[in-house]
Trainee: 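Below: one structure in structure tokens.
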2 protein chains.
Amino acid sequence: MVSIKDIASAAGVSISTVSYALNGSDRITKETADRIQSIADELGYVPNRAARMLKKRETMLVGVFLTDFSGNFYGDLLFGLKEELNRRDYDLIVCSGRRSHRMIPERTFDGAIILDATFADAELLGYADRGHKLVVLDRELDHPNVNQVLLDNKAGATLAVEHLLGRGLRRICAIGGPESAYDARQRMRAVRQAVERVPEASLAELPGAFDKASGYDAGPRIAEAAREGQVGVFCLNDEMAIGLCDYLRTRTTLKIGRDVHVVGYDNIELAQYMQPRLATIDYSKRKWGALAAEQLLKMIEGRPVEQERIYVRLVEGQSVGQSGL
Amino acid sequence: MVSIKDIASAAGVSISTVSYALNGSDRITKETADRIQSIADELGYVPNRAARMLKKRETMLVGVFLTDFSGNFYGDLLFGLKEELNRRDYDLIVCSGRRSHRMIPERTFDGAIILDATFADAELLGYADRGHKLVVLDRELDHPNVNQVLLDNKAGATLAVEHLLGRGLRRICAIGGPESAYDARQRMRAVRQAVERVPEASLAELPGAFDKASGYDAGPRIAEAAREGQVGVFCLNDEMAIGLCDYLRTRTTLKIGRDVHVVGYDNIELAQYMQPRLATIDYSKRKWGALAAEQLLKMIEGRPVEQERIYVRLVEGQSVGQSGL
DNA sequence: ACAAAATTGCGAAACGTTTCGATTTATTCA
DNA sequence: TGAATAAATCGAAACGTTTCGCAATTTTGT
């Protein structure tokens, strides 16, 4: 592999001169710089990332950690992140799985973005204590080296439940997320509040784990409830809503949007292809990513960071109809 | 940041001793090794990845390059890759975008897996010439440092077209992929052959670009054809099939599975949620990933690599019905 | 008990950069 | 025409590891 040293001897200059030249320092005259540059090109020189990382103590790399790569959800987010990071000359690297966590303390990145349930809060705080810059997207952490872009979970869940209530539904079910998930807790809290505001409304909470199977598994209980009258179901994310619809369609004769009214959360791509179209809560994942990147870069560069928040809106769909009541 | 040097002085030994101890060399007695290890733990030592990379000239990192992160498709593939790599102590890193290409010549990885149309063949061959190990999943390249796991495109496309022909359809349309895409060319060639084998069958080829919009845009021509009798459409991937169904459903009164029979390719997650269920060609993306990882590791370790191939099967769906003929 | 052999640890160089301070060369000014 | 100043280049140290060859120490065999 050709190194700076090879260029130096080819050009008959010292390695420091080569380094300065290649990095566009004004300590070197334009002519020698050009000459060195063209020799470098000719030799096909590419700097060694490891060496540069080691010496400069910066990597120009940002890591994004995801719970998994299933990516129903991640495409737009990553797009937003990447655009913003590339604009500032950082590269984006996507990782998943416990094993990869250690890349953080190994100083593989200048900063990391976390949307990964396999990190415990304490673990993240530990990294932050060691000086690593973090932006967390799936929790809230109070630490000078940690920032977050908050999703307006409360507003979203409220919107969803009030949509059902607004259609005249009074018997509300909510399928929850894992106890450990911050999003799930926030959303469920808002659900309770929204239901409580309507005296004649009732709420049944069903457990869930944010995956299709949870929605499917909640099916029987929903179906049972629906046989005693229309029911509005808020699934705390779209995956579960899709699982539920799957159950209702294949295992019951109940009609979605008439007997059972379903609303999800996230507006994943699949939601718009469901029949009937899934009502859900939408927000700009791309913007979410862009803001996260911006925050992280600010932290890295030591500029002040302001708290950001992503707003949500309701997307109507035929999975919610008009109640007969 | 605590380094090996800090441990050395804390333990009163030399840095080489620390290095040996921490790496489990038998040059160091068990007791000192343990002592050093516990000091390291206490100090919260984590090795510096850049330094290790530089010195050992290996990174234990494998890069996967994707055209984009939209990931309708990638989830399972990445899962298969990651499992296999982690089992062998490698970490997986996902990259996308032209900018990130340079990570390859910068020696960021021990090898890379390419499923990314933004790489030109010549570019990849250039990297291979420089000694970088590559597995390509979206093309075929003849180079000692490049291997591929072939998808059986020919078999898949044949299966798809024969499925339509088998249902009595004689007027076949095929929506193609980008000219530059190897997969698309292979599939289309097989389509032509399959149609030619049935004398009374006719084929119309429509252009496409492997995205939903292409399918949608092909809609009017398909609809026109369908008004003169049933037509069987093979979309060279599911995305386009979904776009086409979208058009047919929202812009025409033609019924999918009766007037227009649609089959896709890839069996992406969305396919099974389409109404009617999209008939398509399925193959194990997870296995595809696992084999790619295995090949790459073999190349890295200098073991002989055997050519692998992924087999395909037809998934029936109501998007193809029985022709009246 | 002593040399030979084995065990355990150490010193230093190297990986490929960047960058500080010093040195050489060219330019300016009186 | 020198001395003073500015411009261009160089040498060497450093980043944090690994690893080779050597030195010191312990063990073994007789």
Side-chain angles (χ1 to χ4, degrees), chain A residues 1-37 39-40 43-61 102-110 130-132, chain B residues 1-37 39-40 43-61 89 102-110 130-131:
Chain A
M1 284 281 93
V2 25
S3 84
I4 218 179
K5 215 180 270 179
D6 303 308
I7 303 175
S9 58
V13 298
S14 74
I15 65 161
S16 51
T17 302
V18 176
S19 176
Y20 283 126
L22 260 26
N23 290 304
S25 158
D26 51 4
R27 299 176 74 151
I28 265 70
T29 63
K30 177 127 179 27
E31 295 115 59
T32 31
D34 286 349
R35 193 168 60 86
I36 289 173
Q37 182 59 254
I39 292 179
L43 264 46
Y45 170 75
V46 179
N48 181 310
R49 183 159 216 135
R52 204 207 286 264
M53 273 180 167
L54 176 59
K55 180 64 204 186
K56 298 200 71 171
R57 299 152 146 281
E58 72 176 15
T59 68
M60 298 307 277
L61 248 34
R102 62 183 162 83
M103 297 182 116
I104 295 176
E106 284 173 348
R107 292 90 112 197
T108 315
F109 316 112
D110 291 344
R130 302 171 64 110
H132 299 283
Chain B
M1 284 282 93
V2 25
S3 83
I4 218 178
K5 215 180 269 177
D6 303 307
I7 303 175
S9 58
V13 298
S14 74
I15 64 162
S16 52
T17 302
V18 175
S19 175
Y20 283 125
L22 260 27
N23 290 302
S25 158
D26 51 5
R27 299 177 75 151
I28 265 70
T29 161
K30 178 132 176 27
E31 294 115 59
T32 31
D34 286 350
R35 192 168 60 86
I36 288 173
Q37 183 61 254
I39 292 180
L43 263 47
Y45 170 76
V46 179
N48 181 310
R49 182 157 217 138
R52 203 206 286 264
M53 271 182 167
L54 176 59
K55 180 64 203 187
K56 298 200 70 172
R57 299 151 146 282
E58 72 175 14
T59 69
M60 298 308 276
L61 247 34
D89 262 340
R102 62 184 162 82
M103 299 182 113
I104 295 176
E106 284 173 349
R107 290 90 112 201
T108 314
F109 316 113
D110 290 344
R130 301 170 66 109

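In the text below, chain A, chain B and the rest are named by the order of the sequence lines, each starting its count at 1.
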Trainee: Looking at every non-hydrogen atom in both residues, tell me the closest pair between I28(B) and A21(B) and how far apart they are.
Mentor: CG2-CB, 4.2 Å

Trainee: Given M1(A) and N48(A), is the side chain to side chain contact (heavy atoms under 4.5 Å, CB included) satisfied, shown in steps?
Mentor: CA-CA 9 Å; M1(A) 284 281 93; N48(A) 181 310; over 6 Å; no

Trainee: What I'd like to find out is whether the side chain of R52(B) reaches to under 4.5 Å of the side chain of E58(B), using heavy atoms alone.
Mentor: no

Trainee: For residues I36(B) and L22(B), determine if any side-chain heavy atom of one lies less than 4.5 Å from a side-chain heavy atom of the other.
Mentor: yes

Trainee: Which ones in residues 24-36 of chain A lie close to DNA chain D, meaning a heavy atom under 4.0 Å from one of its atoms?
Mentor: R27(A), I28(A), T29(A), T32(A)

Trainee: Hey, is the main chain of M103(A) close enough, under 3.5 Å, to the side chain of T108(A) for a donor-acceptor pair?
Mentor: yes

Trainee: Start with the C-alpha gap between V46(A) and R102(B), add the side-chain angles, then the distance that decides, and say whether side chain to side chain contact (heavy atoms under 4.5 Å, CB included) holds.
Mentor: CA-CA 8 Å; V46(A) 179; R102(B) 62 184 162 82; 5.7 Å; no

Trainee: For S3(B), is there any backbone N or O sitting under 3.5 Å from a side-chain donor or acceptor partner on D6(B)?
Mentor: yes

Trainee: Shortest non-hydrogen contact from H132(A) to P105(A)?
Mentor: NE2-CA, 3.7 Å

Trainee: In B/S/- notation, 5' to 3', how is nucleotides 13-18 of chain C contacted by protein heavy atoms closer than 4.0 Å?
Mentor: -BBBBB

Trainee: Decide yes or no for R49(B) and T59(A): does some side-chain heavy atom of the first lie under 4.5 Å from some side-chain heavy atom of the second?
Mentor: no

Trainee: Report the end-to-end axis angle of the helix from dA1(C)-dT30(D) to dA30(C)-dT1(D); each axis comes from five terminal pairs, and the value is rounded to 10°.
Mentor: 40°

Trainee: Give a yes/no answer on whether the side chain of T17(A) brings an N or O atom under 4.0 Å of OP1 or OP2 in dC10(D).
Mentor: yes

Trainee: Any idea which heavy atoms bring A8(B) and V18(B) closest together, and the distance?
Mentor: CA-CG2, 3.6 Å

